There are 2 protein chains.
Amino acid sequence: MTTRQTPDEPATGPFPVQRLQRATLNDEVYHELRRAIMSGAIEPGSTMTIRGLAASFGISLMPVRQALNRLVAEHVLMLLPNRSVALPRIDAGRFREITRIRVALEGLAAEEAVAQVDAAAIARMEAANAAIEAGAAPGEALALNREFHFTLYAASAMPTLVAMIETTWLQVGPLLHVPIRKVMDGATPRSLPEHRRVIAGLRAGDAALVRDAIRADLEDAAVDIAATLD
Amino acid sequence: MTTRQTPDEPATGPFPVQRLQRATLNDEVYHELRRAIMSGAIEPGSTMTIRGLAASFGISLMPVRQALNRLVAEHVLMLLPNRSVALPRIDAGRFREITRIRVALEGLAAEEAVAQVDAAAIARMEAANAAIEAGAAPGEALALNREFHFTLYAASAMPTLVAMIETTWLQVGPLLHVPIRKVMDGATPRSLPEHRRVIAGLRAGDAALVRDAIRADLEDAAVDIAATLD
DNA sequence: TCACCAGCCATGGTATGCCATATCGCTCAC
DNA sequence: GTGAGCGATATGGCATACCATGGCTGGTGA
């Protein structure tokens with residue numbers, strides 16, 4: 001099964017080491033492409049070839065093909081008529097659509113999380129938000145924002161929902177990078193009132209408030225991003 | 001590229017025949033598995049092997065592997081620890097979760113459809129509903145119900161949303177078949193008041209009414225299905 | 001008779017090779 | 001000079017082959 005165990009570092013014995021890398025090449029390629037997309041390394045609209053990627057990774061075509069298929073199935077990549085794959089160029093209409101979907105899904109997760117969130121999760125969210133407001137670098141702010149949101153969503157204990165939300169984040173991922181950088185670069189570290197409302201709502205156990213704060217947070221960000229689209 | 005053109009039937013010349021089967025084996029397997037799942041032909045909890053399916057289809061392992069990967073990516077199939085795939089056994093908790101997701105997504109699509117639906121679509125929905133109420137066979141009723149709902153959702157002009165809804169239907173597909181049969185077999189053809197409310201709401205342009213009718217329709221059905229779970 | 005071990009078989013992952021197609025460029029004819 | 005046709009190359013899909021792993025089974029020894 002080629003579990004790709006321990007490419008280096010000789011076996012350290014029965015010690016509890018946690019280096020379970022990635023199981024299959026397929027998975028590795030998949031996650032690497034995900035990372036590249038979320039980090040803005042891939043230009044929207046650009047196409048990629050199986051052979052090209054396989055050569056870059058130094059592996060055969062099969063794992064790459066499977067990883068691409070998986071991303072196409074998630075609507076993160078797009079199948080061209082010639083069966084090549086491309087990172088879709090997101091127009092304003094599609095962005096609006098995905099934003100509405102995100103409001104519905106993330107609102108549901110947020111609402112549900114209120115009843116089940118624990119103090120540790122709230123603390124992590126508050127720490128992430130504080131780091132953003134303290135003026136993290138743009139890339140880091142994105143990661144912190146992601147942690148803020150997904151800590152909340154994970155508290156919903158709805159794994160299928162969380163997975164669907166992750167997919168939607170991937171779909172708009174190419175947009176997040178550049179515009180957010182533009183938005184945050186010039187601005188002084190600004191407070192994120194909606195994030196603070198989320199935390200306040202969690203503490204108060206007010207599901208409607210948390211849902212609305214998430215909605216407002218998404219829509220606020222969407223306004224900035226949409227402004228860069230047309 | 002192996003476009004698999006015209007396995008039989010000699011070229012009929014420039015006549016406009018519409019027999020563009022399926023493009024790739026991958027796709028063919030994918031859709032066949034989808035059909036099998038939605039029709040209840042695959043037992044929830046049962047596992048399947050790549051080689052077994054490939055032998056059944058009379059093709060090689062690669063297209064089967066890709067189709068399975070795609071279904072796993074859509075959370076329709078499930079990856080076992082030994083990397084085999086299985087049709088998940090849906091427990092009550094997961095069913096409740098998916099139902100809530102469906103209410104959120106399908107409610108959004110329904111609401112959005114109100115502003116854009118045309119008379120032809122409403123007519124198709126009414127016809128489908130009438131056929132159900134007239135006492136269609138169980139399997140046919142499922143297909144008609146599906147047509148009713150997706151005609152509505154397609155009117156939303158939100159293709160990404162519709163695709164996500166289709167995925168959720170696939171995820172609960174194994175449950176729909178048997179229970180619905182049980183529910184509908186004994187019962188005399190009953191009217192579907194929520195479907196009628198949907199149509200009335202569409203005619204009246206009342207988005208809130210349509211959304212609520214869809215919510216009620218889904219939750220009504222969910223009660224029947226959940227009753228068969230534990 | 002039971003437990004344990006070894007070898008086989010089933011199965012998944014990956015690499016390679018071949019075929020079909022699409023695309024691009026070049027050449028030749030008009 | 002331009003357009004049409006042809007060929008080379010790039011590219012995707014599929015089949016086959018090989019390897020690694022995990023589970024199962026049968027045999028052997030206590």
Side-chain angles (χ1 to χ4, degrees), chain A residues 1-8 10-11 19-33 42-43 45-74 76-88, chain B residues 1-11 19-33 42 45-74 76-88:
Chain A
M1 215 172 290
T2 318
T3 32
R4 185 158 307 276
Q5 57 185 6
T6 81
D8 42 358
R19 20 193 304 291
L20 63 155
Q21 310 254 7
R22 193 74 64 188
T24 69
L25 284 181
N26 174 351
D27 244 37
E28 217 153 343
V29 173
Y30 170 77
H31 284 95
E32 176 59 21
L33 288 176
I42 302 180
E43 178 82 8
S46 67
T47 73
M48 53 200 83
T49 68
I50 298 177
R51 279 177 171 79
L53 289 173
S56 303
F57 286 113
I59 62 176
S60 117
L61 284 67
M62 284 304 154
V64 176
R65 181 195 304 281
Q66 290 169 226
L68 291 180
N69 273 335
R70 191 165 162 190
L71 290 166
V72 168
E74 291 172 343
V76 175
L77 297 181
M78 172 190 191
L79 216 54
L80 300 181
N82 42 328
R83 300 189 183 288
S84 294
V85 296
L87 187 59
Chain B
M1 211 171 287
T2 318
T3 33
R4 184 157 309 275
Q5 58 186 6
T6 81
D8 43 355
E9 282 190 2
R19 25 193 300 290
L20 62 155
Q21 309 255 6
R22 192 75 64 191
T24 68
L25 285 180
N26 174 350
D27 244 37
E28 217 153 344
V29 173
Y30 170 76
H31 283 96
E32 177 59 20
L33 288 176
I42 303 181
S46 67
T47 72
M48 53 200 84
T49 66
I50 298 177
R51 279 176 170 81
L53 289 173
S56 304
F57 286 113
I59 61 178
S60 123
L61 285 65
M62 284 305 152
V64 176
R65 182 194 304 283
Q66 290 169 228
L68 290 180
N69 274 334
R70 193 166 159 189
L71 289 166
V72 169
E74 291 171 345
V76 175
L77 297 181
M78 170 189 193
L79 216 54
L80 300 181
N82 42 329
R83 298 187 184 290
S84 294
V85 296
L87 187 59

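So that the names make sense, note that chain A is the first sequence line, chain B the second, and so on, each numbered from 1. Heavy-atom basis, side chains included; hydrogens, waters and symmetry copies ignored. Since the structure is predicted, the reported quantities are computational estimates derived from the model, not experimental observations.
- Across every non-hydrogen atom of Ser60(A) and Ala54(A), the tightest pair is O-CB, 3.6 Å.
- The 12-atom threshold is not exceeded at CE of Met78(B), counting heavy atoms of other residues, nucleotides or ligands nearer than 6.0 Å.
- Within the model, atoms OG of Ser56(A) and CD of Glu32(A) stand 10.5 Å from one another, a figure rounded to the nearest 0.5 Å.
- Leu25(B) has its CG atom 13 Å from the C1' atom of dA20(C), to the nearest Å.
- Here dG12(D) presents its P atom at 10 Å from CG of Leu80(A), a figure rounded to the nearest Å.
- Following rounding to the nearest Å, Asn26(A) (CG) and dT14(C) (C1') show an atom-to-atom distance of 10 Å.
- dC9(C) atom C1' lies 15 Å from atom CG of Asn82(B), rounded to whole Å.
- Scored by the salt bridge (charged side-chain N to carboxylate O under 4.0 Å, His left out) test, Arg70(A) finds Asp27(A) as partners (sequence neighbours excluded).
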List, one per line, each side-chain donor-acceptor pair under 3.5 Å for residues 61-69 of chain B, sequence neighbours excluded.
none

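- At dG13(D), one or more side-chain N or O atoms of Arg65(A) fall inside 4.0 Å of OP1 or OP2 (strictly under the cut-off).
- Atom CZ of Arg83(B) and atom C1' of dT21(D) are 11 Å apart (whole Å).
- To the nearest 0.5 Å, atom CG of residue Leu77(B) and atom CG of residue Leu33(B) are 7.0 Å apart.
- Between Gln66(B) atom CD and dG12(D) atom P there is a gap of 12 Å when expressed in whole angstrom units.
- DNA chain C lies under 4.0 Å from at least one heavy atom of each of the following residues of residues 45-64 of chain B: Met48(B), Thr49(B), Ile50(B), Arg51(B), Met62(B).
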